[in-house]
Student: 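Got a structure for you, written out below as structure tokens; questions coming shortly.
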Amino acid sequence: MIHSLFLINHSGDIFLEKHWKSVISRSVCDYFFEVKEKAVDPENVPPVLQTPHHYLISIYRGKLFFLSVVQTEVPPLFVIEFLHRVADTFQDYFGECSEGVIKDNLVTVYELLEEMLDNGFPLATESNVLKEMIRPPNILRSVVNTLTGGSNVGDTLPTGQLSNVPWRRAGVKYTNNEAYFDVVEEIDAILDKSGTTVFAEIQGVVEACVRLTGMPDLTLSFMNPRLLDDMSFHPCVRFKRWESERVLSFIPPDGNFTLMTYHVSSQNLVAIPVYVKQNINFFETGSCGRLDITIGPKQNMGKTVEGLMVTIHMPKVVLSANLTATQGNYTYDLTTKVLVWDIGKLNPQKLPNLRGSLSMQAGAPKPEENPSLNIDLKIQQLAISGLKVSRLDMYGEKYKPFKGVKYLTKAGKFQRLSLSFL
Amino acid sequence: MSASSAFNDEKGGSSSVGEPEYGHDPASGGIFSSDYKRHDDLKEMLDSNKDSLKLEAMKRIVAMIARGKNASDLFPAVVKNVACKNIEVKKLVYVYLVRYAEEQQDLALLSISTFQRGLKDPNQLIRASALRVLSSIRVTIIVPIMMLAIKEAASDMSPYVRKTAAHAIPKLYSLDPEQKDQLIEVIEKLLADKTTLVAGSVVMAFEEVCPERIDLIHKNYRKLCNLLIDVEEWGQVVIINMLTRYARTQFLNPNINESLLEEGGGGEKTFYGSDEDEDEDEEEKEKKAEVAAMAKRKPYVMDPDHRLLLRNTKPLLQSRNAAVVMAVAQLYFHLAPKAEVGVIAKALVRLLRSHSEVQYVVLQNVATMTIKRRGMFEPYLKSFYIRSTDPTQIKVLKLEVLTNLANETNISTILREFQTYIKSMDKDFVAATIQAIGRCATNIGEVRDTCLNGLVQLLSNRDELVVAESVVVIKKLLQMQPEKHSDIIKHMAKLTDNIQVPMARASILWLIGEYCEHVPKIAPDVLRKMAKSFTNEEDIVKLQIINLAAKLYLTNSKQTKLLTQYVLNLAKYDQNYDIRDRARFIRQLIVPTEKSGALSKYAKKLFLALKPAPVLESPFKDRDHFQLGSLSHLLNAKAGGYQELPDWPEAAPDPSVRNVEVPEWTKCSSREKRKEKKVEKPFYSDSEGESGPTESADSESDSASGSESGSGSEESGSGSESEESEEGSESEEEEEEEEEKDKKKKKKELKKPVPETESEQSSEEEDRKIKRKSKQRKSDSESESDEDEESESESSQSESEDSESEIEVKKKKKTAEMKPPSKPVKKETKKEKKEMSLLDLDDFEPAPSPQVTPVNTFLSNSLVTDLEGLSLSDSVLSPATIAPSSVLKNYELLHRITGEGLSVEYCFSRQPFSPDANMVAVQMQFTNSATSDTKNLHMEDVKLQSGMRVKEFPEIELLSAGETAMAVMGIDFCDSTQAANFQLCTHTRKFFVSIQPPVGELMRPIFLTENEFKKEQGQLMGMNEITEKLTLDAKCRNEHAIVQRVTTAANLSRVPCGSDKECRFAGRTVTSSSLVLVTVATKEEGAAQLTVNCEKMVIGTMLVKDILLALTQ
């Protein structure tokens, strides 16, 4: 299925290649480079390309291209999903997925790739199983290893692959047994010029960090599971149990994992936590414009809005911005034409405001459309949909674990279309 | 730990094998000598004795490979490290080997022996890894070795090794396609595998090697459907895709009626061409009517197997893996009845929040789906709204979907949305939006004028690209009703002064030329202007100028004659030959000369014919003949190895091919029948006239099987019922299934041979039955107290009790699983089968199950006579047998003296070993008769024959002086009497000990009825049957004694028998579950005949010896 993998950095250098079948010359990537040149923006490179003898399926993650070569029919999503899984694994192992870190850990990366695919078919993709075979690097171990000549490769054989719960490694032991769950919700919303909601939905995810000894069997139940409209689960979740009782019953993998993602859609339920008053005018004459933005709290259930940030993609003709912010600071990137206003915490008593003038290229016609605003924010200890975890029970083990749930609301793709009509 | 040490030892011993002479390496003096110098340090490091240096060298080499640098010259130096002790070095050598073996075939052969040895390793993981590397080495000469290895591994006991074998199949196939036939045999064998681990891999092999052999799937179809949810994600994708194809060949189109309607509706779509082929249409309609009538005559009933597939794949829509969701979505799209396809929409919309590559693929598929099934995605319209941050390719695809979704009701919303898109800064996207508006306008007549007006407004847009795109679209729209829109044409004529985009200019010129009679005054003027700028125009514009000139000449020659000739003259000397050609051709056609002849008469007809308006179609139309989700669909071209999605068959092929042989007890037809039987025959009737003990045994077993199968059939009855009503009781059933899920998992661990059932009974249900079966036995023995009022109440009673006790079992099992494996928590279900000799185990089980005790007292109180003949309760009757020593023979593992005060005895407890059903439980009793404490009692260094496995007992931390402790370990003897050797370690000493099982301990009792016994025996004739004549020991001439002696010698259970001259016993070997049947037929004066039927002849022979001994002494 997957024949070869090339890792390509932003400037088009191939810095890693791995072949699971016969070697394919790296010149096959030339087709890709050609398309990449044309596409300008790496996001616009089509994920699937056809060349005379091969098909190239690529993803773009962390400023890197993961380019796989395929020779025969295979579901493209199969490959794409796998490549993302590879990137996720790197992230999991090294903390980030970047060229530098991969080059630093080239051998570990190669060993990982070797285990993840066999003859192009995924073999071990569960992080728990992989970590049993190849230990993730850490400073202490690398020091010890250099002194003793020890190795990164686990000396136990991966028994996880043999078990019925392949996602959990066997023989887990902790002195502190803890299970933490983060309910993170993102609001995706599009507001139109007048500030009414065109489209809004909440995208939630339950991230878990479970460090429990033995083979615990957990049950997580919600106060209001009916809120959830659509969800996807980690393979460990017993689906039938969810169908019948609306509880999440599972034997968790060890460590961090995404337990489920969910979706809340009915529009009236989606509370928009802030309002934005904005006024951006470009004048017909004098090649300048005015900008005035105020942000205030709307529905935030008594919690403070933090990490507030406004991003505006300015039209190309805007040369510079001379603005004053009552709170936080702003930057205007001249090359990408992106104005970023980092506000921080929202103070309901003193609403943050950004105003000033924009100077434009002399003689250029006035931009016909006003730029839209992208808003970023965070609210701690609140799931904006109102979802609440009611309890976590553990079966199968005797000890008492520490349990905790955190809530967090973020703005996902929060977009405010321009207000101005001029 | 033990595994890894074994690993090291195994390989370490052979490090010298792979080290022949390399001094005269063929390439060493060659061209690459400079390379050699460069790598000399690496070679030195590889040759050194220190693992750390080797490791360092290998890491550098692998890093070279990773960067794509050539490291092939190091091959000889690397390959000899293939047997290195250090695991990481070894793994890196494997990486190197797999990469370069193809280039250095001869040298690679040197490593083969190491892997061949690995294939025989007792550790399954080592066997698997050896096979994996061996099969990855692409050296043609080892094809026979690989073939052999694969064949062997395919029947390996370990599912993981079998999985690796499945992976190896496509590797071998790509190396040597001639092996296909043999490989198909292996695939066929592996397809029958019942473990989830193997299923995905073998289907992948099937798809690569022999996707056309759909017949291999028949027998495994139901199993695959049932296993699907537990298979790993990647396997799920492959299986679902394959099953989609399978279903298309085996089942009938569930939309046979709808699709007719749909096609009928499709007639409207052909709108433009319809007037010409009306007669054809009628013909079609007739045909359709005919088919519809036929369909009415024969209403469609979905094959239960078809339903099974749909039902079992549906939960996977909730998978986190986008590929799985897509696979299910395409399965539903291609196979489900129209009313049910809708469920996939929500899941697909969910994927739109994933990575942009995933979005890209999903949107392509959604675009295809929306053409056929628009309604499905209508509720999710807003999810396809475009964000300014989306990449352009995503925007364009979303636009495509939005356009496909547009209809009369939502068009206003969509158009409003489109209006905002037009203002985007992404011009490619704006152009695509204008195209989309054009398509909406052609498809939905009501908004045509609105769209046209909107587009005309765009003509005054500042951006030229926008204007140009609008012109092109307007041109297409105007063609539909030009007479109404002459003002627009006039407006566009003015644009020729400003617009520079060639395509747009060309479009305007064509419009004016085509509809010159609507703008009679402007047209010549435009031509005048164009003639002026002719030489500076692009080619396509030039062609259109000539075109315009020709048309005007034909309609209005007075005003344009000179202009036309001027233009044609200019064109005559153009650089482009197309234009020169066109000019010459047109001149001949329109300007009448003497030579021009007949053709010029028709010039007007040629140029000014009524042209049909273009149909603006989605590029995704008709893409659904490719299987959705496939690469071919995405590229809209057949990719290599693509398997066509077959059309539905006209008539369904025989569904019985999917039937699998069913064990007898599930065949029982219905509850009613059973009941009737019961009513006809009173409880004891069938054993009338027979002697006491056997009578009770017989009827007992009969009623047991009766009620059991009764409840079983009720189960299946409800199952099939729900199948027929399809939706009705599904949820209920699913709930039940859910309840079973835990147990199912546990069951799997026990590797119970799960028989395939006849129809849609899922494996869970079967599991339940197995459980119930054993349960039932108990409940029966209970109910026997009130013999007379049996029949009706019995089954229901036992049923309710079942559920109760099942929960109990569930709990128990759960705790059992969580506890360290050696704790001898036994399953209650099994207890009943066994001797009630659990006294010594009570220490370990703090809360003995509440069920055991009542049964016990019950039995001993009331049913002594009835149960006399029952081997099951044998031990209860004679108090002597309760003590474990008399039934369970104790063996000495370590004598007090050699053990320096520590003595160890062991016995085979005959309990199922809960952590692994393939293991024999060995119960060990440690006695510390020394004066000092013994600490850290544990085992080490297990030496086993190939295939054998050991589950060690947990370390005993402290054994005080004078104390006794118990522990249980499990050994998988692989059905052989080979000894398991290991070291018993205390904190001070190590003792070499070994455990050798008597053959009788390698089996576990099973329950058979007389009929089953006879049937099975019938199948185990010939070589599998061993008969021996004997004279019974004087003390052993009654039946009771015989039963006791045989069950002591071998772990078998008594089979009820009609005759008192015969005693029958049955069991299965622990590892391979081969049947073991023993018959002792007594004759006059102590003469007897012993018959053993067993698939495993060695076991049979040994068992005969042992039983002979037991009966004659």
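Chain naming here is simple, since letters A, B, ... match the order of the sequence lines and numbering starts at 1 in each.
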Student: Who wins among B:Asn241, B:Thr392, B:Leu628 for the most heavy-atom pairs under 4.5 Å with chain A?
Tutor: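 Most heavy-atom pairs under 4.5 Å with chain A: B:Thr392.
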Student: Answer with side chain, backbone, both or neither: which region of B:Glu417 has an atom nearer than 4.5 Å to a non-hydrogen atom of chain A?
Tutor: side chain
Student: Do you know the tightest heavy-atom contact between A:Pro235 and B:Arg320?
Tutor: CD-NE, 3.2 Å
Student: I need the residue from B:Glu56, B:His167, B:Glu103, B:His633 with the largest number of non-hydrogen atom pairs under 4.5 Å to chain A.
Tutor: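 Winner by heavy-atom pair count: B:His167.
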Student: Do any N or O atoms from the side chain of B:Gln393 and from the backbone of A:Glu43 form a donor-acceptor pair under 3.5 angstrom?
Tutor: yes
Student: Regarding A:Arg85 and B:Glu233, does a basic nitrogen lie under 4.0 Å from an acidic carboxylate oxygen?
Tutor: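 Yes, A:Arg85 and B:Glu233 are salt-bridged.
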Student: Minimum heavy-atom separation for A:Glu73 and B:Tyr642, please, with both atom names.
Tutor: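 The answer is OE1-CD1, 3.3 Å.
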Student: Can you name the nearest heavy-atom pair linking A:Leu77 to B:Ala322, along with the distance?
Tutor: CD1-O, 3.7 Å
Student: Donor-acceptor pair, B:Gln318 side chain versus A:Met231 backbone, under 3.5 Å?
Tutor: yes
Student: Between atom CG of B:Leu631 and atom CD of A:Gln71, what is the distance when rounded to the nearest 0.5 Å?
Tutor: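 The CG atom of B:Leu631 sits 12.0 Å away from the CD atom of A:Gln71.
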Student: Chain B heavy atoms under 4.5 Å from A:Phe78: which part of the residue, side chain, backbone, both or neither?
Tutor: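 When you check distances to chain B, atoms from both the backbone and side chain of A:Phe78 fall under 4.5 Å.
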Student: Would the distance check show the side chain of B:Lys346 and the main-chain N or O of A:Asp229 forming a donor-acceptor pair, the cut-off being under 3.5 Å?
Tutor: yes
Student: Minimum heavy-atom separation for A:Pro76 to B:Gly629, with atom names?
Tutor: CD-O, 3.0 Å
Student: Side chain of A:Glu81, backbone of B:Asn321: donor and acceptor closer than 3.5 Å?
Tutor: no
Student: Verify, without hydrogens or angle tests, whether B:Glu357 (side chain) and A:Ser58 (backbone) share a donor-acceptor contact under 3.5 angstrom.
Tutor: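 Between the backbone of A:Ser58 and the side chain of B:Glu357 there is no qualifying donor-acceptor contact (under 3.5 Å).
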Student: Between B:Arg353 and A:Glu186, does at least one N-O distance fall below 4.0 Å, as a salt bridge requires?
Tutor: no
Student: Check each atom of A:Tyr60 against the heavy atoms of chain B and say whether the ones under 4.5 Å are side chain, backbone, both or neither.
Tutor: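 Its backbone and side chain both get close to chain B.
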Student: What part of A:Asn44 is in contact with chain B, defined as an atom under 4.5 angstrom from a non-hydrogen atom: side chain, backbone, both or neither?
Tutor: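 Contact with chain B is through both the backbone and side chain of A:Asn44.
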Student: Given the options A:Val79, A:Leu7, A:Leu83, A:Val45, which has more heavy-atom pairs under 4.5 Å with chain B than any of the others?
Tutor: A:Val45
Student: Report the option among B:Glu232, B:Lys163, B:Arg350 that has the most heavy-atom pairs separated by less than 4.5 Å from atoms of chain A.
Tutor: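 When all of B:Glu232, B:Lys163, B:Arg350 are compared, B:Arg350 has the most.
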Student: Return the orientation label for the A:His84 and B:His355 ring planes: parallel under 30°, perpendicular over 60°, tilted otherwise.
Tutor: parallel
Student: Taking all non-hydrogen atoms of both residues, which atom of B:Gly200 and which atom of A:Phe121 are closest, and how far apart?
Tutor: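 Taking every non-hydrogen atom into account, O-CZ, 4.4 Å.
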Student: With chain B, which of A:His234, A:Gln203, A:Lys18 has the greatest number of heavy-atom pairs at distances under 4.5 Å?
Tutor: A:Gln203
Student: Please classify the contact between A:Ile80 and chain B as side chain, backbone, both or neither, with a heavy-atom cut-off of under 4.5 Å.
Tutor: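 Side chain only.
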Student: Do the side chains of A:Lys21 and B:Glu102 get close enough for a salt bridge, i.e. N-O under 4.0 angstrom?
Tutor: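 B:Glu102 and A:Lys21: not salt-bridged.
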Student: Nearest heavy-atom pair of A:Phe15 and B:Arg67: which atoms, and what distance?
Tutor: O-CG, 4.1 Å
Student: Test side-chain contact (heavy atoms from CB on, under 4.5 Å) on B:Lys171 and A:Asp118 and set out the steps.
Tutor: CA-CA 10 Å; B:Lys171 297 184 203 173; A:Asp118 181 16; 2.8 Å; yes
Student: Look at A:Thr258, A:Ile14, A:Val70, A:Thr125 and state which one has the largest set of heavy-atom pairs under 4.5 Å with chain B.
Tutor: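 The answer is A:Thr125.
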